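Take a look at the structure below.
In this chain, residues are counted from 1 in sequence order. Fair warning: this is a prediction, and the values are worked out from it, not measured in the lab. Side chains included, hydrogens not; waters and symmetry mates left out as well; all remaining heavy atoms used.
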Amino acid sequence: MSGPDYAHLIDAETWAYIARLDAAYPPDAVDLSIKDQRRVYNEMCQIFDAGRPAGIAVRDLPYGAVPCRIYEKTPSDTTVVYFHGGGFVVGGLDSHDDICAEICDRTGYRVIAVDYGLAPEVVYPGCFSDAWAAFEAISRVHSGPVVVAGDSAGGNLAAAVGHRARDAAAGRIVGQVLIYPSLGGDQTQGSYVEHANAPQLTMGDLAFYQTVRTGGTPPPVGDAQFAPLQDSDFSDLPPSVLVTAQCDPLASDGGAYRDAVQAAGGQAVWFNEPGMVHACLRARHMSARAAVFFNKVIDGIAAVGRGDWPYTCAAD
């Protein structure tokens, strides 16, 4: 059985983005040392950095002893807690600085980026513990509504915080926006099989990141803080907007999570954007399709932050 026809699925603008990204951060980057992976990733992020929109005030401040960066445009009661992607191995406050600044600019909400510890220096559950500590402290300091959001590994952390906050009756999460999240879905079916060797992220990459994240030990089973889709209860979760990339092994996690939340009586919508690849947030200024992708993210954050649910049906 032949694989997906990426030459047809992915348009010219996105291929141009892929070529530019691969030149800076090669597809075999996981074969480099952790130090070199971080170096080339940081260099790539600088190449794609779009800068901050004018009028955004930025300051670095720890919450719960975790380094964080606050973005503010105008006074707002709503806070977006953002967890960056990077496989739990790369990334930080600078890697997603322009993305967080644009979210702040376009929604008007306060955005706080969380610089959780990275593997292998911090293995599971350390990264989640950092995410939770920061969320708890942010919730204590900022009394208004909270939206949790994140991309890839950060989407995992955002969802995990949402599940823990429900169980702990903590915070005021009014919504979660999960961007091509890694939620621990069934790897024997769906996009995990169809897009196992997709551009930008492969099953081999996912296996590497999981090994580093767990310190080489077997991953926990039935632990929603590690893999939110392994929770046994999806009731009473915040309204959830999932935006995934069609050409990505993780895409099916979006649909599985939407279905689980809806089956438990909650609100969830899934957008699986055609022709998009993992980490396409960085293509938002050079690809029309990626701009649409980012608009879905912005619209989702804006809507749940103000308590709206404009989605009348599930999209896929």
Side-chain angles (χ1 to χ4, degrees), residues 3-4 9 83 85 87-88 124 128 131 148-167 173 175-198 200-203 205-207 209-210 213-214 219-280 293 296-297 300 304 309 311-316:
L9 291 173
F83 302 100
F88 302 98
Y124 183 79
F128 173 79
V148 291
D151 65 287
S152 194
N156 171 288
L157 290 174
V161 165
H163 286 241
R164 173 71 178 274
R166 174 203 60 187
D167 296 339
I173 299 178
Q176 51 187 15
V177 178
L178 312 178
I179 307 159
Y180 34 75
S182 171
L183 300 176
D186 184 350
Q187 295 190 4
T188 67
Q189 62 181 358
S191 60
Y192 282 104
V193 176
E194 182 180 3
H195 296 289
N197 294 297
Q200 302 311 302
L201 187 70
T202 68
M203 290 298 294
D205 297 333
L206 291 174
Y209 291 129
Q210 178 170 284
R213 180 189 182 193
T214 61
V221 176
D223 181 354
Q225 293 174 181
F226 182 83
L229 273 170
Q230 293 185 18
D231 204 338
S232 59
D233 180 10
F234 288 83
S235 63
D236 300 318
L237 289 170
S240 304
V241 179
L242 299 107
V243 188
T244 60
Q246 177 191 19
C247 305
D248 180 352
L250 296 175
S252 292
D253 280 9
Y257 194 84
R258 174 202 60 186
D259 293 347
V261 172
Q262 288 184 347
Q267 293 177 312
V269 65
W270 173 42
F271 298 99
N272 191 29
E273 292 302 289
M276 286 289 89
V277 295
H278 195 78
C280 62
F293 184 103
K296 296 279 178 67
V297 171
V304 297
W309 187 256
Y311 309 107
T312 58
C313 63
D316 57 25

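- Between Leu237 and His163, some side-chain heavy-atom pair lies under the 4.5 Å cut-off.
- Contact between Leu183 and Gly155 at its shortest, heavy atoms only, is CD2-O, 4.1 Å.
- Side chain of Arg166 to main chain of Ser235: a donor-acceptor pair is present (N/O by atom type, distance under 3.5 Å, no hydrogens or angles).
- Between the side chain of Asp231 and the backbone N or O of Pro228 there is no donor-acceptor pair closer than 3.5 Å.
- By the 30° and 60° cut-offs, the orientation of the rings of Tyr257 relative to Phe234 is perpendicular.
- For the pair Ser191 (side chain) and Ser252 (backbone), a donor-acceptor distance under 3.5 Å is present.
- Taking the side chain to side chain donor-acceptor pair (under 3.5 Å) definition, one finds that Asp259 meets it with nothing, sequence neighbours left out.
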Determine whether Gln200 and Tyr180 satisfy the following criterion, side-chain hydrogen bond (donor to acceptor under 3.5 Å, both in side chains), listing intermediate values before the conclusion.
CA-CA 12 Å; Gln200 302 311 302; Tyr180 34 75; over 6 Å; no
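- Take Thr244 and apply the side chain to side chain donor-acceptor pair (under 3.5 Å) test, not counting sequence neighbours, and it matches Trp270, Asn272.
- At least one side-chain heavy atom of Tyr124 sits less than 4.5 Å from a side-chain heavy atom of Gln225.
- Considering all non-hydrogen atoms of both residues, Trp309 and Ser240 come closest at CH2-O, 3.4 Å.
- Checking side-chain atoms of Arg213 against main-chain N and O of Pro219 turns up no donor-acceptor pair under 3.5 Å.
- Gln176 places no side-chain N or O within 3.5 Å of a backbone atom of Val148 that could act as its donor or acceptor partner.
- Checked against side chain to side chain donor-acceptor pair (under 3.5 Å), Tyr192 has the following partners two or more places apart in sequence or in another chain: Asp253.
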